[in-house]
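Chain letters run A, B, ... following the sequence lines, proteins first, then strands; residues in each count from 1.
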Amino acid sequence: MARRPTPEDIERRRLLVPAVSYPTELPIAACRDQLLATIADHQVVIVAGETGSGKSTQLPKLCLELGRGVEGLIGHTQPRRVAARTIAERVAHELGTPLGTTVGYSVRFTDRVGADTLVKVMTDGILLAEIQRDRLLRRYDTIIVDEAHERSLNIDFLLGYLTHLLPQRRDLKLIVTSATLDTARFSRHFGGAPVIEVSGRSYPVDVRYRPYGEDPDDDRDQVGAIADAVDELYREGDGDILVFLSGEREIHDVADYLRRSISDGAGPRHTEVLPLYARMSAAEQHRVFDQHTGRRVILSTNVAETSITVPGVRYVIDAGTARISRYSRRLKVQRLPIEPVSQASANQRAGRCGRVAPGICIRLYGEDDFAQRVPFTEPEILRTNLASVILQMTALGLGDIASFPFVEPPDARSVADGIALLDELAAFEQVGEDTPPGASRHLSRLGKRLARLPIDPRLGRMVLEADRLGCAREVMIVAAVLSIQDPRERPAEKLEAATAAHQRFAGEDGSDFLTFVRLWDHLRARQRELTGNQFRRLCRDEFLNYLRVREWEDLFSQLRHITSGLDIRLNTTPAHPDHVHQALLSGLLSQIGMREGETKEFRGARNAKFMIGRGSAQAKRPAKWVMAAELVETNRLWARVAARIQPEWAEELAPHLVRRSYGEPLWEEQSGTSTVIERVMLYGLPIVAGRRVLLARLDRALAHQMFVRHALVLGEWEREFPFVQHNHEVLTDVASIAERIRRLDLIPNDDDVERFYLTHIPDDVTSTRHFERWWRDAGRKNPALLNLMRDELLKGQADALEEFPAEWADHEPPLPLDYDFDPAHQDGGMTVRLPLLVLNQVKPEAFGWMVPGLREDLVTAYFKTLPKTLRRELIPAAEHIGQAVEALRDGPRPGGPLSFAAALARELTESSGQTVRASDFDPH
DNA sequence: CTCTCCCT
């Protein structure tokens, strides 16, 4: 039933509603009338009830009784698949209908919902996925969100979405159930929805506080404290003990100690010690459900808090800690610190021993410690990366995360981190720097495809890249196995045999990813040869979890199905390993690392330091550069599932992320082109340490200029063109003229020449090779195109040359004059260098007159050599100098003295009335 | 020098 049913459907479905009765022993039966009335009157109802109240099984029946489930399904969500199935089974059984008819369930890979189904129990993930296809959830007339207190990411996203949906679906009813008394928050969130409390059907639990290590003379550690607590409970009477610990390592420490003390005879007798954690093999886990005679001590992680109900537990020992998943804002990785559990979690643990009889819970911490703990565990949405949620929300057109009605909205920085990860995966259309942070973004084509894949966005990104590289088969195998729990089992007692069995698939390539592909190929080949039972046995013998192998195959099939709808085809021939790794890298760009020297430590993105976990092929002799499928910080940052990469791959895959920096551009005479050293950084890692690249590819204008400057202006090119020779001559010529006429500004400098070439040579000429190609034509059309023009360079100052004769005409034969202008001695005038041979032929009196252009300088210079006493009489100096220059402009006055000094002396005497003699000057 | 748990 994908659409709202027709009137005929509704009539038919109305006849399907079974008679409903309630087991009277369940506490919820007592509140039946109140619940019926409240649900009938309100769109949203909050139901608070501890485990054992029967709310999960009875609420769907109450809804049926109210006539719900006819016009649309009653949807009932659970956080876990097992719970969805067992609750469906129970409700179906209580209604006397076969599973899959009136009551069905749907979890990933299993759908037992029929056309006549009225109650559909499902995982919350299933309902979230359905939103993609049915925005208004029109298939449902009622939705029950169970176990909302667990506050998983799915639950918070779902509650937010339903909040947004309720005003558009006035006919939709929502029931939110929660085990704890934190119902006020939900009620407030849903506009003051009524809260109905249903009592639990559990026995009293005697909570005892037994802290350790608080007194100075109490030197017990956790193991000792647990041993003491076990002793105390043994004195209380029979019954199994459930111990909550933070992790596998602690479990094995305690197990070793208890087993040793049992065999010593010092500890409790007839006792079986059973570890319990999720990663354990299926067979090992199942031992907690086996019948047994003696006593049991079950040492468990948080799995026993919600996921696995250990039967027959009378006592609980709570060490008070757990590993809590958190998000490192600095390194953008998952952290798993051991933290004190919340009060709600501690109470949930205690409740595990009050299910069949009164129980005792020993807390290995003080009552004051308990009182100081946070009441509730922080919801997952505040502790995790939000990329997947943001991707889904954007695909649903709910882009503005800040205004989405979350029960507890995530921090703006967490949203920014999620967006950053999606940007890393290129899921969004590029936005400009000035786009405000809150602005809604648009998914790129890749992002839209990514949103359709039911896996982590990083893994989805790999699959999409794989299509381009022709390795979709291999990458989908890897993406599938990375999405589920590792199918390889490593039972504690047979560690060596298991490791050896798994080691067969480790290849020469040192790639944990290709190891998975080899394992897959092996399994598929065996599966074809063997019967179902034989294959199941093979899995067991080879230390593989059969159910997870099946899930791996199911997920692969699901991906294959969805990707074929995206026009992605499986490759039929084995892909090149490099291509597989390149595709994988596209999803792991911020999870690469560079080995620090010869150590086993890696420097990762954002300066993180990590090591490769023991199970990896890269652990012993790691490559220089690796990528890791997972980075998790525990006692330190660890990489899990890794392979060697070439950092250049990352450069190619991350054009949107790399930072490039450049050294000084360099003209290379050998190749006749300009290059520059390029350095490429990705998240702070030098994926290209330094390489020469053509400057023209980065900055054509600069490369053009570099070519002109070095090849043509500075002559760093062997090739001689006619214009080069010509220009050399013009420049020498103009330079000497400029010196003669004392116009230093007219001496063409390199910049002037460069400008000339730049205006005449097209921009795309950036190398000698380019130039030759261009000049072959351009030079033929206009051979003088690149010839410098003397007159142009002199800017019309050629006339001034008359005042600066090239030779001294007064002499016979005329003497060439060498204008060697020394700017450092401008005040002192100029030096005329005469060939030594003619020195004694020069008439000294003529010497001062040779260069009219220098007359004023010379007058001033001579004037300055007058004795101070005399100069004082010649004030204002400028006036007397000016008159003398004017008078002597054309050389000696007719009839006047021939010597320059004498002539100047006479002029000054005349203009000032003060006698000045030629001998008063001291020109040396 | 390895790490709680769950889901499409």
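Spacing between atom CZ of A:Arg548 and atom C1' of B:dC6 amounts to 13 Å, rounded to whole angstrom units. Atom CG of A:Leu555 and atom P of B:dC7 are 13 Å apart (whole Å). In this structure, A:Glu250 places its CD atom 10 Å from C1' of B:dC3, rounding to the nearest Å. Distance A:Arg326 CZ to B:dC3 P: 17 Å, rounded to the nearest Å. A:Asp124 places its CG atom 8 Å from the P atom of B:dT8, with the value rounded to the nearest Å. As rounded to whole Å, 14 Å separates atom C1' of B:dT8 from atom CZ of A:Arg452. In this structure, A:Lys620 atom NZ and B:dC1 atom P are separated by 11 Å, rounded to whole Å. Following rounding to the nearest Å, A:Glu305 (CD) and B:dT4 (P) show an atom-to-atom distance of 15 Å.
Contact check, A:Thr123 against B:dC6: no side-chain N or O comes under 4.0 Å of OP1 or OP2. Put simply, A:Thr634 has a side-chain N or O that comes within less than 4.0 Å of OP1 or OP2 on B:dC3. Distances shorter than 4.0 Å separate none of the side-chain N or O atoms of A:Ser483 from OP1 or OP2 on B:dT8. The phosphate of B:dC3 has OP1 or OP2 within less than 4.0 Å of a side-chain N or O from A:Asn635. Put simply, A:Arg279 has no side-chain N or O that comes within less than 4.0 Å of OP1 or OP2 on B:dC5.
Listed by chain and number, the residues in a side-chain contact (heavy atoms from CB on, under 4.5 Å) with A:Pro337 are A:Arg326, A:Arg335, A:Glu339 (sequence neighbours excluded). In this structure, the side-chain contact (heavy atoms from CB on, under 4.5 Å) partners of A:Ala628, at least two apart in sequence or on a different chain, are A:Leu631, A:Ala639.
Comparing B:dT8, B:dC3, B:dC1 by their closest approach to the side chain of A:Arg81 singles out B:dT8. Looking at the side chain of A:Val107, the nearest of the listed nucleotides B:dT8, B:dC3, B:dC6 is B:dT8.
Rounding to the nearest 0.5 Å places CG of A:Leu453 at 6.0 Å from CG of A:Leu450. Atom CZ of residue A:Arg352 and atom CG of residue A:Asp318 lie 13.0 Å apart, to the nearest 0.5 angstrom. Distance check, rounded to the nearest 0.5 Å: CG of A:Leu165 to CZ of A:Arg138 gives 11.0 Å.
Counting atom types as modelled, A:Gln334 pairs a side-chain N or O with a base atom of B:dT4 as donor and acceptor under 3.5 Å.
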Notebook entry, point to check: Passes side chain to side chain donor-acceptor pair (under 3.5 Å), A:Thr177 versus A:Glu147? Steps please.
Noted result: CA-CA 6 Å; A:Thr177 89; A:Glu147 315 280 13; 5.5 Å; no
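Near-neighbour residues of DNA chain B inside residues 459-466 of chain A, defined by a heavy atom below 4.0 Å, are absent.
Taking the ring axis of A:Tyr365 as reference, the NZ or CZ atom of A:Arg373 stays within 45° of it and closer than 6.0 Å to the ring centre.
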